[in-house]
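All remarks here apply to the structure that follows.
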Amino acid sequence: MPRRDSPAPPGPLSALAPPPWLVRTLKPQTAPIPWAAVARASVAMALPLLVGLAAGQPAYGALASMGALSGVIGDTADAYRMRIFNIAVPQLFGALGVTIGSLVFGHGWVAVGVVTLVALVSGMMSTIGAVASVAGLLLLLNSVVGAGLPMPGEWWLAPVLMTSGGLLVLTLALLAWPLRSGIPERAAVAATYRSVAALLEAAGTERYDEARAAVTTSLNQSYDLVLSRRTRAHGRNPDLVRLIAQLNAITPVVEAAPAAHQCGVPMPPEFPAEVRRLAEAVASPRDAQIPAPELPEPLEPSADAVDHALRHVAELLNDVDPHGVVHIKDDADRLGRPAALRVRARRAARNVMLSSASWRYGLRLALCIGIAQSLVSLIEVPRSYWVALTVTFVLKPDFGSVFSRAVLRALGTAAGLVVAAAVLSQVPRGWWDVPVMLVLAALIPAFTPRGYGYQTAAITPVILLLSDVLNHQGFGLVVPRLVDSLIGCAISLVAGYLLWPESWHTRIGDRLADAVAATATYVESAFGTAVDAAERARMRRGLYRDLSVIRTEFQRALTEPPPMGARAAAWWPLVIAVERIVDATTAAAVRIRHGAGEPTLTEVGEVARQLRELAEGLRGSETLEKVPTSFTGPQESVLEPLRQEVVAARAIASPSRG
């Protein structure tokens, strides 16, 4: 008789179960519904249709709604100044794209060559950053639409209408700016404080690693919001100085958390409660004085460090002029001020032109777009632009795995076509388009946080409805759009995935090796005098930011089919181990500041050497390889917990033999 807890033998039903990587891909992500974005999407996409119908030009209204759709997709930032960049800049490239496409419409192979060249430029732009990625996306999408769809009116009318639709989204997003200026930044900093409170509560428990990752993500978002606003602020802005000072002031609390976690002693509940009280003060626009913290007597060095840090934060929040806390010179604050926009643009252009990865992705996208455009030129495909649109969406490198996106695109399109079929067959064209668009447009920002497949399912009926306003094909649009999507997915999988060797290599070893090598440098700086505290803080923040990016890359790789997904899963424990090494380094530095003996340069050099050897063992590897470990320093050294973490990391990188 089999044991009750033994696994059941595989049966016919288990053989039909989807593979784990597909289940992970289809699982919806948890996220709150952005109700403000939902309202903006409904108004911004339905209003142009209403105006077009009232003016007797529904096609013009449909073009403006298409532009609004691109604005809705780019409406992702909380800070108002970032919304200007996230929406307005891509709209300019979108206008350029539809202009180029319209000029080559009907020119056969000339159009194929021009759109393929645009795809090369778009792909290279996508490797610069988030705003450039969306700009490159709209450049290519609108070029494809302009080259495959006859535009009404003069050549300049379509870009003007589509840009006006996108700017309508921006206008709606900025309506509350006079009343809510600075609120998103304050809310982000307050959220960081609350995540630090959760980290202190998790110290000494198994929830610590998850809480630490949440703090890293929150710090990244807060610094990005505040510093990006600061680069566009002229002169000294007291509010921005205050927010940066508050972010910098919470850093010692974050640094003390690893020491508390290593001790295995839970932090007194008064400490996280005090952090949450300070978070409320940060979120409040009032300048009321904050009472001094009432904290218990610290019994551990880590608690003592948190005590000092929290008292410093309270003093800072009561300081009406924190300029002396945050040295606001060109590069003097703890994280470093980003360079001017023109400098960053020049650097980005140079890096893109000299980057082999940028050229590889640009050529990959150009190849797939060229194949798609050539195919529909040789074979009669009605409304053929949909094939190239599918390729463009699937091959976005910063949107996730190409393979999983192709699968999700096909499934999402099929689900969206069910809704579109009901709308096109049951709802008469005309004034009924406006209430239908109000509902369908609201689903886009509501479904987008759930995952790419859900976003595709929401966007598909909207695009088909707008296409029908332009083309009047009705229900006949449904089946051709499904066929076009499947063709585009097939081109992406074959020419954009299977034919490229790098698709089968995660390159995780290279990325992780770089982080380990940077950790070795951080270890050397943490226990020496050659690097000041500000530089060490920048190094530590940079390390955690890099590890956060690596985490994201792992999450994408896990959605790949075997063998890539399995390899990513095997590397995951090593990512956690490297994060623990950074934590142990910070904890040792905190202990030294509170009386522990300093390590010798020999001990520090030994740890750094072991880490660099580990980095060399990881670089370019597809599988974990054996890396020996040996330490000679005294066991009572302050570096002993750090050495244990290094040993653990190298053990993970050394799979057992036999």
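Position 1 is the first residue of the sequence; numbering continues from there.
Contact check for Trp35 versus Pro445: no side-chain heavy atoms found under the 4.5 Å cut-off. Within the 4.5 Å cutoff, no side-chain heavy atoms of Met437 are placed close to those of Leu50. The shortest side-chain heavy-atom distance between Pro152 and Leu157 does not fall under the 4.5 Å cut-off. Looking at Val394 and Tyr497, their side chains never come closer than 4.5 Å, going by heavy atoms from C-beta outward. Counting heavy atoms from C-beta outward, Val134 and Gln91 have side chains that stay 4.5 Å or more apart. A 4.5 Å side-chain heavy-atom check between Val169 and Met45 finds every atom pair outside the cut-off.
Atom-to-atom distance recorded for Thr456:OG1 and Leu417:CG is 11.0 Å, nearest 0.5 angstrom. We find the CG-CG distance between Leu49 and Leu63 to be 10.5 Å, quoted to the nearest 0.5 Å. With rounding to the nearest 0.5 angstrom, the OG atom of Ser65 is 12.0 Å from the CD1 atom of Ile463. Rounding to the nearest 0.5 Å places CD1 of Ile459 at 11.0 Å from CG of Leu443. Rounded to the nearest 0.5 angstrom, Leu138 CG and Ser133 OG are separated by 9.5 Å. Note that CG of Leu120 and CG of Leu365 are 8.5 Å apart. Values are rounded to the nearest 0.5 Å.
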Under 3.5 Å, which donor-acceptor pairs link side chains of residues 96-104 to any protein atom two or more places apart or in another chain?
| unit_1 | atom_1 | unit_2 | atom_2 | d |
| --- | --- | --- | --- | --- |
| Thr99 | OG1 | Ala95 | O | 2.7 |
| Ser102 | OG | Val98 | O | 2.7 |

Please list, one pair per line, the donor and acceptor atoms closer than 3.5 Å that link side chains of residues 209-217 to other protein atoms, with sequence neighbours excluded.
| unit_1 | atom_1 | unit_2 | atom_2 | d |
| --- | --- | --- | --- | --- |
| Asp209 | OD1 | Arg212 | NH2 | 3.4 |
| Arg212 | NH1 | Asp583 | OD2 | 2.5 |
| Arg212 | NH2 | Glu579 | OE1 | 2.8 |
| Thr216 | OG1 | Arg212 | O | 3.2 |
| Thr217 | OG1 | Ala213 | O | 3.1 |

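Between Ser126 and Tyr361, the shortest heavy-atom contact is CB-CE2, 4.1 Å. Of all heavy-atom pairs between Ala441 and Val462, the closest is N-CG2, 4.2 Å. For the residue pair Leu172 and Arg40, the shortest heavy atom distance occurs at C-CD, 3.7 Å. Of all non-hydrogen atoms in Ala132 and Met125, the two that sit nearest each other are CB-O, 3.5 Å. Across all non-hydrogen atoms, the minimal contact from Ser218 to Thr192 is OG-OG1, 2.8 Å. When all heavy atoms of Gly370 and Val112 are compared, the pair lying nearest together is O-CG1, 4.3 Å.
Tested against Ser492, the residues Thr390, Val391, Ile487 include a single side-chain contact (heavy atoms from CB on, under 4.5 Å) partner, Val391.
Side chain of Ser122 to backbone of Ala119: no donor-acceptor contact under 3.5 angstrom is found. Asp433 places a side-chain N or O within 3.5 Å of a backbone atom of Gly430 that can act as its donor or acceptor partner. Listed for the Ser70 side chain is a donor-acceptor partner under 3.5 Å among the backbone atoms of Gly67.
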Determine whether Leu375 and Ile491 satisfy the following criterion, side chain to side chain contact (heavy atoms under 4.5 Å, CB included), listing intermediate values before the conclusion. CA-CA 10 Å; Leu375 179 65; Ile491 292 173; 4.2 Å; yes

Given the rule in the side chain to side chain contact (heavy atoms under 4.5 Å, CB included) test, do Met151 and Val145 qualify, once you have shown the distances and angles that lead to the verdict? CA-CA 9 Å; Met151 295 293 165; Val145 172; 3.6 Å; yes

Go through the steps for Trp386 and Leu464 under the test side chain to side chain contact (heavy atoms under 4.5 Å, CB included), then give the verdict. CA-CA 11 Å; Trp386 197 276; Leu464 287 181; 4.1 Å; yes

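Listed by chain and residue number, nothing satisfies the salt bridge (charged side-chain N to carboxylate O under 4.0 Å, His left out) test with Arg207 (two or more places apart in sequence, or in another chain). With sequence neighbours left out, the side chain to side chain donor-acceptor pair (under 3.5 Å) criterion links Thr413 to no other residue. Every residue two or more places apart in sequence or in another chain was checked for a salt bridge (charged side-chain N to carboxylate O under 4.0 Å, His left out) with Asp546, and none qualifies.
Residue Tyr60 places its OH atom among more than 12 non-hydrogen atoms of other residues, nucleotides or ligands, all under 6.0 Å distant.
Each side-chain hydrogen bond (donor to acceptor under 3.5 Å, both in side chains) pair with one or both residues in residues 150-159, not counting sequence neighbours, would appear here, but there are none.
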